[in-house]
Visitor: 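Pasting a structure here, questions to come.
We count ligands from 1, going down the list as the structure has it; atoms in each ligand are counted the same way.
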Amino acid sequence: MVTAKVWVLKKHFEGFPKPSDFDLKKIELPSLKDGELLLESVFLSVDPYMRPYSQRDMKEGDIMIGTEVARIVESKNPAFAVGAFVVANSGWRSHFISDGKGLHLLPSSWPESLPRSLALGTVGMPGLTAYFGLFEVCKMKPGETVLVNAAAGAVGSVVGQLAKIGGCKVVGCAGSDDKVAYLKKIGFDEAFNYKTVTSLDEALRKASPDGYDCFFDNVGGEFSSIAINHMKKYGRIAVCGAISQYNDSVPQKGPYVQIPMIFKELHMEGFIVTRWNNRREEGQKALLKWVLEGKVKYHEQVTEGFENMPAAFIGMLKGENLGKAIVKV
Ligand SMILES: NC(=O)C1=CN([C@@H]2O[C@H](COP(=O)(O)OP(=O)(O)OC[C@H]3O[C@@H](n4cnc5c(N)ncnc54)[C@H](OP(=O)(O)O)[C@@H]3O)[C@@H](O)[C@H]2O)C=CC1
Ligand SMILES: CCCCCCC/C=C/C=O
């Protein structure tokens with residue numbers, strides 16, 4: 001008999017999530033039936049989407065949604081061998097039973113030099129978000145200028161590096177001087193700390209006096225209202241996330257987008273990465289290749305211990321992560 005630890009949403013978040021909104025519980029797992037496998041989580045992901053999705057899709061008492069890299073410890077399913085690793089969407093659980101549906105096996109050829117946690121970050125969902133958002137939504141072209149915010153995070157850091165691979169000038173902003181130094185280290189042409197600049201408007205103009213062809217927006221809110229005025233004519237805005245609004249109890253008010261969209265003839269498109277689930281393999285192959293070639297660098301903010309899942313999640317929302325926020329069991 002295996003006892004699984006799980007984190008439950010005890011109370012719907014009001015404003016910023018707090019530790020008392022979560023509960024750690026234990027569940028006795030039954031023995032396996034034919035076709036099933038027992039898995040233990042090795043790395044778990046904490047992501048911004050958990051904040052708005054919990055509000056929309058979860059009820060109090062539900063196990064927190066989320067993705068993990070897990071090792072198969074027992075198998076009564078011939079398609080899954082003991083010792084193999086998978087990416088699963090099984091939520092915040094230390095152990096779980098699966099019938100194999102929806103599991104993505106990590107290739108047995110996963111390079112020794114790379115941590116398997118990258119399957120939750122640079123070569124996982126966040127990396128794919130950068131890949132499809134830039135190539136399919138922004139449709140960036142060589143020689144263009146790309147702006148990305150939350151640039152030192154899981155998605156943003158890949159966006160900037162892919163834009164450089166694609167022959168663009170890249171401007172990024174982040175919330176600390178250390179993050180800005182990191183952006184310069186990984187090849188961003190211009191980077192600034194949006195929390196300390198005296199004027200965001202001036203910082204955006206200084207970084208690219210001619211404006212921006214593409215804006216990969218992870219933040220929304222006030223930042224985006226200012227940035228939209230710096231778009232070039234026919235610019236494209238990929239609305240990826242709105243983390244500055246996820247914890248609002250009262251919705252923020254404008255300025256509104258219509259006037260700059262009309263006069264600059266902008267294209268603004270929201271997207272969710274799962275739109276390209278049928279091209280997941282293509283994206284992961286490309287990202288893995290660039291990582292192995294050293295063209296895409298990665299950093300992970302690893303929190304040790306399953307019991308620290310809420311702390312890692314809250315810390316990520318506060319901006320404590322450089323690169324992908326990961327919990328190592
Ligand atoms: N559409 C889609 O399919 C997907 C969308 N997303 C979205 O992409 C965005 C980035 O996700 P991800 O890379 O995983 O997360 P990150 O690794 O970037 O972590 C979140 C970061 O957001 C920044 N942040 C937090 N609050 C604010 C704020 N009020 N204003 C500006 N920045 C803030 C912090 O960095 P800093 O120190 O710079 O403030 C923090 O580190 C999110 O909005 C997320 O919802 C992610 C995956 C898929
Ligand atoms: C269970 C994994 C689903 C990932 C979908 C992420 C979409 C993110 C949207 C905003 O953050």
Side-chain angles (χ1 to χ4, degrees), residues 15-17 44-58 63-68 87-92 102-104 119-122 124-134 136-138 148-160 172-183 188 191-197 200 216-227 237-248 252 269-277 280 283 298-301 312-326:
F16 218 89
L44 296 104
S45 181
V46 285
D47 297 271
Y49 75 82
M50 294 165 178
R51 174 63 179 87
Y53 277 46
S54 71
Q55 207 76 33
R56 201 192 64 164
D57 297 341
M58 290 175 63
I63 294 172
M64 281 296 295
I65 48 174
T67 309
E68 52 272 274
V87 173
N89 294 320
S90 292
W92 295 17
L103 298 182
H104 294 278
L120 302 173
T122 302
M125 185 276 285
L128 293 169
T129 303
Y131 181 90
F132 291 112
L134 258 186
E136 298 298 334
V137 183
C138 280
V148 57
N149 47 19
V155 175
S157 57
V158 181
V159 168
C173 62
S176 76
D177 292 345
D178 284 349
K179 290 186 182 187
V180 168
Y182 176 71
L183 295 179
F188 280 60
F192 63 86
N193 180 344
Y194 72 93
K195 289 185 179 166
T196 55
V197 289
L200 188 53
F216 194 108
D217 189 8
N218 288 318
V219 167
E222 191 188 356
F223 186 102
S224 311
S225 301
I226 295 172
I237 303 176
V239 183
C240 174
I243 197 164
S244 72
Q245 299 171 238
Y246 293 167
N247 294 305
D248 289 346
Q252 294 176 28
E269 180 180 346
F271 73 97
I272 295 186
V273 61
T274 48
R275 192 194 303 179
W276 296 279
N277 271 353
R280 182 186 166 115
Y298 63 88
H299 190 277
E300 297 181 314
Q301 195 74 44
F313 176 57
I314 292 168
M316 177 276 301
L317 291 174
K318 282 186 185 157
E320 289 169 6
N321 59 307
L322 175 66
K324 177 74 188 100
I326 292 286

Visitor: For ligand 1, which atoms, with element, lie under 4.0 Å from some heavy atom of Ser244?
Guide: 28 (C), 29 (N), 30 (N)
Visitor: For ligand 1, which atoms, with element, lie under 4.0 Å from some heavy atom of Ala242?
Guide: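 Near Ala242, the atoms of ligand 1 are 43 (O).
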Visitor: For Met316, take its heavy atoms, then give the atoms of ligand 1 lying under 4.0 Å from any of them.
Guide: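 Once the distances to Met316 are compared, the set is 19 (O), 20 (C), 40 (C), 41 (O).
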Visitor: For atom 3 (O) of ligand 1, grab the closest protein heavy atom and report residue, atom and distance to one decimal in Å.
Guide: Val273 N, 2.8 Å
Visitor: Closer than 4.0 Å to some heavy atom of Gly241 - which atoms of ligand 1 meet that?
Guide: 7 (C), 43 (O)
Visitor: Which of the numbered atoms in ligand 1 are below 4.0 angstrom from a heavy atom of Phe271?
Guide: 1 (N), 2 (C), 3 (O)
Visitor: Assess whether side-chain contact (heavy atoms from CB on, under 4.5 Å) is satisfied between Val148 and Asn218, documenting all intermediate values.
Guide: CA-CA 7 Å; Val148 57; Asn218 288 318; 3.7 Å; yes
Visitor: Using a strict cut-off of 4.0 Å, indicate which atoms of ligand 2 neighbour a heavy atom of Asn89.
Guide: 1 (C), 2 (C)
Visitor: Could you tell me whether Tyr194 and ligand 1 have an N or O pair separated by under 3.5 Å?
Guide: yes
Visitor: Students should be able to answer this: which protein heavy-atom is nearest to atom 34 (C) of ligand 1, and at what distance?
Guide: Gly319 CA, 3.6 Å
Visitor: For atom 11 (O) of ligand 1, tell me which residue out of Cys240, Pro48, Ser176 has the closest non-hydrogen atom.
Guide: Pro48
Visitor: Apply salt bridge (charged side-chain N to carboxylate O under 4.0 Å, His left out) to the pair Asp177 and Lys195, showing each step before the final yes or no.
Guide: CA-CA 9 Å; Asp177 292 345; Lys195 289 185 179 166; over 6 Å; no
Visitor: Please state which protein non-hydrogen atom is closest to atom 8 (C) of ligand 2 and give its distance, to 0.1 Å?
Guide: Tyr49 CB, 3.6 Å
Visitor: Have a look at ligand 1 and work out which part of Ile243, if any, has a heavy atom under 4.0 Å from it: side chain, backbone, both or neither.
Guide: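 For Ile243, the contact with ligand 1 is made by both the backbone and the side chain.
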Visitor: Record the part of Thr129 in heavy-atom contact with ligand 1 below 4.0 Å; permitted values are side chain, backbone, both and neither.
Guide: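 Side chain only; the backbone of Thr129 stays clear of ligand 1.
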Visitor: Among all protein heavy atoms, pick out the one at the shortest distance from atom 35 (O) of ligand 1; state its residue, atom name and that distance to 0.1 Å.
Guide: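 Checking every protein heavy atom, the shortest distance to atom 35 (O) of ligand 1 gives Lys179 NZ, 3.3 Å.
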Visitor: Return the closest protein heavy atom for atom 19 (O) of ligand 1 as residue, atom name and distance.
Guide: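 So the nearest neighbour among protein heavy atoms is Asn321 ND2, 3.3 Å.
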Visitor: Near Glu222 CD, under 6.0 Å, is it more than 12 heavy atoms from other residues, nucleotides or ligands?
Guide: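 Atom CD in Glu222 is not packed in, count stays at 12 or less.
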Visitor: How far is atom 47 (C) of ligand 1 from its nearest protein heavy atom, and which residue and atom name does that atom have?
Guide: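 Nearest neighbour among protein heavy atoms for atom 47 (C) of ligand 1, to 0.1 Å: Met125 SD, 3.5 Å.
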Visitor: Checking the N or O distance criterion of under 3.5 Å, is ligand 1 in contact with Ala154?
Guide: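 Indeed, backbone or side chain, Ala154 has an N or O that close.
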Visitor: Using a 3.5 Å distance criterion without hydrogens, assess whether the side chain of Tyr182 forms a donor-acceptor pair with backbone atoms of Asp178.
Guide: no
Visitor: At a 4.0 Å threshold, what atoms of ligand 1 neighbour a non-hydrogen atom of Ala174?
Guide: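 What qualifies from ligand 1 is 38 (O).
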Visitor: Checking Met125 against Thr129 for the side-chain contact (heavy atoms from CB on, under 4.5 Å) test, could you report, in this order, the C-alpha distance in whole Å, the side-chain angles of both residues, the deciding distance, and whether it holds?
Guide: CA-CA 6 Å; Met125 185 276 285; Thr129 303; 3.6 Å; yes
Visitor: In the protein, what heavy atom is nearest to atom 8 (O) of ligand 1, and what distance, to one decimal place, separates them?
Guide: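 Checked against all protein heavy atoms, atom 8 (O) of ligand 1 sits closest to Asn218 OD1, 3.3 Å.
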Visitor: Starting from atom 25 (C) of ligand 1, which protein heavy atom do you reach first, and at what distance in Å?
Guide: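 Among all protein heavy atoms, the one nearest atom 25 (C) of ligand 1 is Leu317 O, 3.3 Å.
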Visitor: Which residue and atom name correspond to the protein heavy atom nearest atom 18 (O) of ligand 1, and how close is it?
Guide: Gly153 CA, 3.3 Å
Visitor: What atoms of ligand 1 come closer than 4.0 angstrom to any heavy atom of Gly323?
Guide: 17 (O)
Visitor: Kindly determine whether Met316 and Ile326 satisfy side-chain contact (heavy atoms from CB on, under 4.5 Å), including the steps that lead there.
Guide: CA-CA 10 Å; Met316 177 276 301; Ile326 292 286; over 6 Å; no
Visitor: Enter the distance from Glu269:CD to Glu136:CD here, rounded to the nearest 0.5 Å.
Guide: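 Separation between the atoms: 9.5 Å.
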Visitor: Would you mind running through ligand 2 and noting each atom that sits below 4.0 Å from a heavy atom of Tyr53?
Guide: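 Taking each heavy atom of Tyr53 in turn, ligand 2 has 7 (C), 9 (C) under 4.0 Å.
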Visitor: For ligand 1, which part of Thr274 has a heavy atom less than 4.0 Å away: the side chain, the backbone, both, or neither?
Guide: neither
Visitor: How far is atom 5 (C) of ligand 2 from the closest protein heavy atom, and which atom is that?
Guide: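 Checked against all protein heavy atoms, atom 5 (C) of ligand 2 sits closest to Thr274 CG2, 4.3 Å.
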Visitor: Below the 3.5 angstrom mark, is there an N/O of Gly175, backbone or side chain, next to an N/O of ligand 1?
Guide: yes
Visitor: For atom 13 (O) of ligand 1, which of the options Val137, Val155, Asp178, Val239 provides the nearest non-hydrogen atom?
Guide: Val155
Visitor: Under 4.0 Å from a heavy atom of Val219: give me the atoms of ligand 1 that qualify, with their elements.
Guide: 30 (N), 31 (C), 32 (N)
Visitor: Classify the contact between Tyr246 and ligand 1 as side chain, backbone, both or neither, using a heavy-atom distance cut-off of under 4.0 Å.
Guide: side chain
Visitor: Could you check Phe16 against Ile314 for side-chain contact (heavy atoms from CB on, under 4.5 Å), going step by step and ending with a plain yes or no?
Guide: CA-CA 8 Å; Phe16 218 89; Ile314 292 168; 4.0 Å; yes
Visitor: Students often mix this up, so state it plainly: with edges at 30° and 60°, are the rings of Phe132 and Trp276 parallel, tilted or perpendicular?
Guide: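 Rings of Phe132 and Trp276: parallel, under 30°.
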